[in-house]
Amino acid sequence: MSDAILEMRNIKKSFGDLEVLKGIDLEVDRGEVVAIIGPSGGGKSTLLRCATTLEKIDSGKIVIAGDTLCDTPEERAVYADKKMLLEIRSKFGLVFQNFNLFPHFSVRRNITEALIHVHKKSREEADAICDELLAKMELSDKADYYPCNLSGGQQQRVSIARALAANPDIIFFDEPTSALDPELTKGVLSVIKALAQENMTMVIVTHEMSFARDVADRIVFMDGGVIVEEGPAYDLVTNPREERTKEFLAGY
Amino acid sequence: MDIGAILLQLLEGFLVTLGIFAFTLVFSIPLGLLVAKGRMAKNIIVSSIFRFYISILRGTPLMLQLLLVYFGPFYLFQIKTGDIHLGPFDYRFIATIIGFSLNYAAYFAEIFRGGIQSMSKGQYEAAQVLGFTKSQTYFRIILPQVIKTVLPSVSNEVITLVKDTSLAQVLSVSEMFTEAKTLASANVSVIPYIAAGVFYYIMNGVIEMIMTRIEKSMSYYS
């Protein structure tokens, strides 16, 4: 049995007439960190949104931690039923570019709300998980703050804690530092780096090339709705094979 | 008639005014939420029906709507509304509440729709990914934020409602304005009007205070 946590097969997705994903294959093993890079409009974010159920694919197959999210027995993709969807959603976490914290909840409640009301944990259990995660994010003193009183970097670390709370098998990051200035970016990246050292399985869409090179095991370069090139992170950045990849990396 | 007697009679009317006010809020706010939902329905037939509802109720006088609710059942269906009673309330009062609730629901619906549509897509997406069901998302994540956004506009409507209750006079409901009119002509005096005005003004002052307090209690985040 393969140790794949994420398996995406021949993913196709169009918005109207525009084909955004033209048959993507992506597999991520347990403990692996994969960075997806590429120009805007190349399909990176759409791929991530498809993997996290925020967009529905037209055809293809997605398996997350052994559960089939959708498959294509005939022409169109067929999705799992509601119950299964909820089950699958507890197996991954997603960190958004613009955080999407709940502004009316304190930091603590942002993290514990789903634990209590989705995963049916007791308040004590949820609080314990929250405290542990906040310590890890170096935000222990911010539990009672509201998101509007935190810096962007702190907000993003809270949203990482929120994504980690239900102990997912894999975490997706959608350009986690694009809304942050360089100073705040550092803190967020170091948190992701620490997660990588704990062998957290992660897929990171990013424009931080040096970060991708240092932290990712593998880099996937996407452009025009296809995977142009993929390989071990260091090799791909220092020695790209495809002309298109070279062009893109030359801009950094 | 001395001032004390006038005030006493106005006060009785004021209680009826208060009744119209409270019942209307209790019914029109949930109804407004439903209408807003219907107005935002993806099904174009459903959304058109609610759009039509809103345009009719906002586009015609409330006074006319009250008369229609009151006289409609008899003129259209020969229903003897005089026999209808709900506890202590006769059809005169019930029709008033129905008319006001239907009308205010249309206004509230548009306010709620604005509030709901101002929510960013990211809030729904974050909730979805965290595994919240649709109704959990709505009641835990979306609605509390919508309430904060719409509160100032809702205050506006509520204050207007206090004054609009005086329209119930067309159905001869013995609310404060009806009483004031009767007293004024019986005593050939303007004092009942002035006293009624003071009552309305004080009531709105209290409402404003309450609404400000609620707004403040929600200002812990921006």
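Sequence lines set the chain letters: A, B, ... in the order given, protein chains first and strands last, and positions in each chain run from 1. Any value given below was found using the heavy atoms of this structure, including those in side chains, with hydrogens, waters and symmetry copies removed. If you're wondering where the values come from, they're calculated on a predicted model, not measured in any experiment.
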Nearest-0.5 Å distance that lies between atom CE in Met218(B) and atom NE2 in His104(A):
9.0 Å
Is the ring pair Phe132(B)/Phe102(A) parallel, tilted or perpendicular, if the boundaries are 30 and 60 degrees?
perpendicular
Tabulate, in ascending numerical order, the residues of residues 138-160 of chain B having at least one heavy atom closer than 4.5 Å to a heavy atom of chain A, or enter 'none'.
Arg140(B), Ile141(B), Pro144(B), Gln145(B)
Non-hydrogen contacts under 4.5 angstrom with chain A: give the residues of residues 161-169 of chain B involved, or none if there are none.
none
Separation between CD of Gln128(B) and CG of Leu54(A), rounded to the nearest 0.5 Å
5.5 Å
If you draw a 6.0 Å radius around CZ in Arg108(A), do more than 12 non-hydrogen atoms from other residues or ligands fall strictly inside?
yes
Crowding at CG, Leu18(A) (>12 non-hydrogen neighbours, <6.0 Å)
yes
Part of residues 132-147 of chain A lying next to chain B, heavy-atom separation under 4.5 Å:
Tyr146(A)
Using heavy atoms and a sub-4.5 Å threshold, report which of residues 80-92 of chain A line up against chain B, by residue number.
Leu86(A), Arg89(A), Phe92(A)
Non-hydrogen atoms of chain B under 4.5 Å away: do they reach the side chain of Leu115(A), the backbone, both or neither?
neither
Interface moiety of Lys121(B) toward chain A, non-hydrogen atoms closer than 4.5 Å
side chain
Should we count CG of Leu76(B) as having more than 12 external heavy atoms under 6.0 Å?
yes
Using 0.5 Å steps for rounding, measure from the OG atom of Ser106(A) to the OH atom of Tyr220(B).
8.5 Å
Bottom line for Phe105(A): the part with an atom under 4.5 Å from chain B's heavy atoms is side chain
Which answer fits Gln136(B), side chain, backbone, both or neither, if we ask what part of it has an atom under 4.5 Å from a heavy atom of chain A?
side chain
By a 4.5 Å heavy-atom criterion (distance strictly below it), what part of Arg162(A) contacts chain B: side chain, backbone, both, or neither?
both
So, the side chain of Gln123(B) versus the backbone of Leu101(A): is there a donor-acceptor pair under 3.5 Å, distance only?
yes
Are more than 12 heavy atoms from other residues, nucleotides or ligands located less than 6.0 Å from atom CZ of Phe77(B)?
no
Residues, nucleotides or ligands: over 12 heavy atoms within 6.0 Å of Phe52(B) CZ
no
